[in-house]
There are 2 protein chains.
Amino acid sequence: MATIKDVAKLAGVSIATVSYVINNTKPVSPETRRRVLEAIAKLDYHPNVIARSLQGRRTNTIGFVISSQVRRLSDPFYLELISGIADEAANQGFHILFSICPAETLEEVELYRELVKTGRVDGLIIPDTRLNDPRLTFLLEEDFPFVTFGRSDKEKDFPYVDVDGFTGIYLAMEHLISSGHSRIAFIGMPSELVCAGHRLNGYKAALSEYNLPFDQNLVVEGDLTQQGGYRAMRELLALEPPPDAVVVCSDLMAFGAINALREQGLKAGKDIAVVGFDDIPMAAHFNPPLTTIHQPIYEIGSRLIKMLTTILNGDELEEKHIILEPSLVVRQSSISNG
Amino acid sequence: MATIKDVAKLAGVSIATVSYVINNTKPVSPETRRRVLEAIAKLDYHPNVIARSLQGRRTNTIGFVISSQVRRLSDPFYLELISGIADEAANQGFHILFSICPAETLEEVELYRELVKTGRVDGLIIPDTRLNDPRLTFLLEEDFPFVTFGRSDKEKDFPYVDVDGFTGIYLAMEHLISSGHSRIAFIGMPSELVCAGHRLNGYKAALSEYNLPFDQNLVVEGDLTQQGGYRAMRELLALEPPPDAVVVCSDLMAFGAINALREQGLKAGKDIAVVGFDDIPMAAHFNPPLTTIHQPIYEIGSRLIKMLTTILNGDELEEKHIILEPSLVVRQSSISNG
DNA sequence: CTGTTAGCGCCTTCAT
DNA sequence: ATGAAGGCGCTAACAG
């Protein structure tokens, strides 16, 4: 592999001069520049990024870790998010170091510590903030640059992008209530997630606003998998009387719930209204097409990267906290003549 | 951030000694080792991987690039693959540098060149080999370590993992034919993919073996999206007479095809048998559950990494070419009483 | 068993 | 406008 020395020798100049033309960091005479450029082209020389990183203390790499625990990686939701992250990172000239944390094997914070302490990445994107999140505690303590998808439950201050889950669920509830439903169940998220609380609050607030009673039996915690949605729905169907509608905190779980319905000869929409959350691409193509709360997943990914790269470049953040408003997309799973 | 110097100073030894205990590369007296370890712990010292890489010409990083062109990233297939890759990479002590190639913006080979020439990664995983694949030409020329998912159309020699698509489709055809279908359509993959040819051959071979005529009208090229499957199926339904069964080269496209069926009041299984390919997690949970050709996607990912790390470690590959056999999973989309 | 030292490839003052 | 030299953090001869 050609190095800066090879270029210098071939061009008959010093390595410093080569560096100057590569980085445009000092004036170089046109003639010298031409010779250097020619040598670079001839050798197909590309500056070694490792050496550059060592020298400049920057790797131009952003870390992104998914813990296989919380949200199963097989959720298309993640693909959307990763797409947004990877695309925008490429735009900004950054690379993505991607890891999955095998929950059982390794203490999660240890993985983060490794990434931070070994200088492998310049900054981190943290998805799915949790209650008392040890990752945040660690990163804040280390004063390491990061941006999260999701707020904190504590009085901690850090940049984040989040979706207003409260309003999202509230919208779903209003849609259901105005359609005449009154016994509305809720399939939530793992309670350690910060957003789980916001959404549950949206559920409760809507009930209260419309003078509907809160029934703890109608609230089930899901695990964000299709299987989990299926199981939760079966639990709900065993209730006496069963609910006449259900708000589900992820589309994948909603798919599972609809399967549980069908298994009992019930039809989503006609017999029990179902509303999901996320609006993954497949939601529109499901049978029946899924009414859901749309969150701009891809955009979230790209916003996260924009914020982080702004920080890494030493620029001032215009907004440190971004809350995006979700919207209701009505399809057939919540409509009785659907 | 603590460096090896800090540790050396605190422990009262030279940096070489610290290096020896970190890497177990030379004998060190128990007492000295203890002091060094203590200093390391006290400073929470972690060797800088960038410096290590520069020194040892290794980054312990493997690159994985998806081109947004061929297979839409939103295909859950990729998530499975990435999971296998990332998990196994973690096992082997490697990190994954993940990129999406924005087809329009950048020449794909340029992205690979950047990765290779700048020394950012030690090796590459190449998915979806194509006819006359310029990526392979480049990497072979550079003599850069890589393993592909998919064979080559040319007489090129490189390590790969592939699934026997010929047999996969053949199995699907036998299943359909033995169920009494005779007018069987085929929704294929973008023809620049090497595996597209294998699969089409499996289709033709089965027809020929069972004395069924080949009808070009029954063959449609899909783009691996759900939308594409939908469009292809509509084309097929416009035929006179329409097919009585269809083999689809990805589950996602099969989902789209089934939607097209339903839109016409037709039921997959009852009216037209549908068989997919991939067996993504959602296949079992679709309505109707999708009969499909199972390929061990996650395992493929981990095999790819195992092979590549073997190469990177300078060890001999046991098998340079791995062809995995797919299997038929019969569910309801291909059964008339389903 | 431990320390000194020479780079790895690059950027960057400081001279010239 | 160009070059010489030091150093980023670490490893690996080579000495002692």
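Keep in mind that what you see is a predicted model, and the values were worked out from it rather than measured. Atom set for the values below is all heavy atoms of this structure, side chains included, hydrogens, waters and symmetry mates excluded.
Under the 3.5 Å distance criterion, the side-chain polar atoms of Thr310(A) are matched with a main-chain donor or acceptor of Lys306(A). Between the Thr59(A) side chain and the Thr61(A) main chain, a donor and an acceptor come within less than 3.5 Å of each other.
Within 4.0 Å (heavy atoms only), Pro47(A) reaches sugar-phosphate atoms of the nucleic acid but no base atom. The residue Ile15(A) sits close to a base: some heavy atom pair falls under 4.0 Å.
Regarding Lys9(B), its NZ atom lies at a distance of 17 Å from the C1' atom of dG3(C), rounded to whole Å. Atom CZ in Arg58(A) sits about 14 Å away from atom P in dC11(C), given to the nearest Å. Taking atom CG of residue Asn23(B) and atom C1' of nucleotide dC10(D), one finds them 9 Å apart after rounding to whole Å. In this entry the distance linking CD of Gln55(A) with P of dC11(C) reads 7 Å, nearest Å. One interatomic measurement links the two molecules: CG of Leu54(B) to C1' of dC11(C), which rounds to 13 Å at whole-angstrom precision. Between Arg120(A) atom CZ and dG9(D) atom P there is a gap of 17 Å when expressed in whole angstrom units. Nucleotide dC10(C) holds its P atom 17 Å from the CG atom of Asn24(A), rounded to whole Å. Across the protein-nucleic acid pair, Arg35(A) atom CZ and dG3(D) atom C1' stand 14 Å apart, rounded to whole Å.
By the 4.0 Å N-to-carboxylate-O rule, Arg113(A) lies close enough to Asp44(B) to be salt-bridged with it. The pair Glu88(B)-Arg303(B) does not count as a salt bridge, with every side-chain nitrogen at least 4.0 angstrom from each carboxylate oxygen.
A close approach under 4.0 Å does not occur between any side-chain nitrogen or oxygen of Thr25(B) and OP1 or OP2 of dT11(D). Of the side-chain N and O atoms in Ser53(B), none sit less than 4.0 angstrom from OP1 or OP2 of dC10(D). Look at Arg52(A) and you'll find a side-chain N or O under 4.0 angstrom from OP1 or OP2 of dC11(C). Dashed line: the shortest gap from a side-chain N or O of Asn48(A) to OP1 or OP2 of dC8(C) is not under 4.0 Å. Residue Ser19(A) places at least one side-chain N or O under 4.0 Å from the OP1 or OP2 atom of dC11(C). Distances shown here put every side-chain N or O of Lys26(A) at or beyond 4.0 Å from the OP1 or OP2 atom of dT13(C). Proximity of Thr3(B) to the phosphate of dG9(D): no side-chain N or O atom is located under 4.0 Å from OP1 or OP2. For dC10(D), neither phosphate oxygen OP1 nor OP2 lies less than 4.0 angstrom from any side-chain nitrogen or oxygen of Lys5(B).
Of the two residues near DNA chain C, Gly56(B) and Pro30(B), the one whose nearest nucleotide lies more 5' is Pro30(B). Each of His46(B) and Tyr20(B) has a nearest nucleotide on DNA chain D; the 5'-most of these lies closest to His46(B). Of the residues near DNA chain D, Ser14(A) and Ala16(B), the one whose nearest nucleotide (by heavy atom distance) lies more toward the 5' end is Ser14(A).
Side chain Tyr45(B) to base dG9(D): no donor-acceptor pair is found below 3.5 Å.
For Ser29(B), the listed nucleotide lying nearest its side chain is dC1(C); candidates were dG9(D), dT2(D), dC1(C).
Aromatic rings from Phe149(B) and Tyr160(B) are positioned such that their centres are separated by 6.0 Å or more.
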Step by step, work out the side-chain contact (heavy atoms from CB on, under 4.5 Å) result for Val116(A) and Phe138(A).
CA-CA 10 Å; Val116(A) 169; Phe138(A) 169 68; 4.0 Å; yes
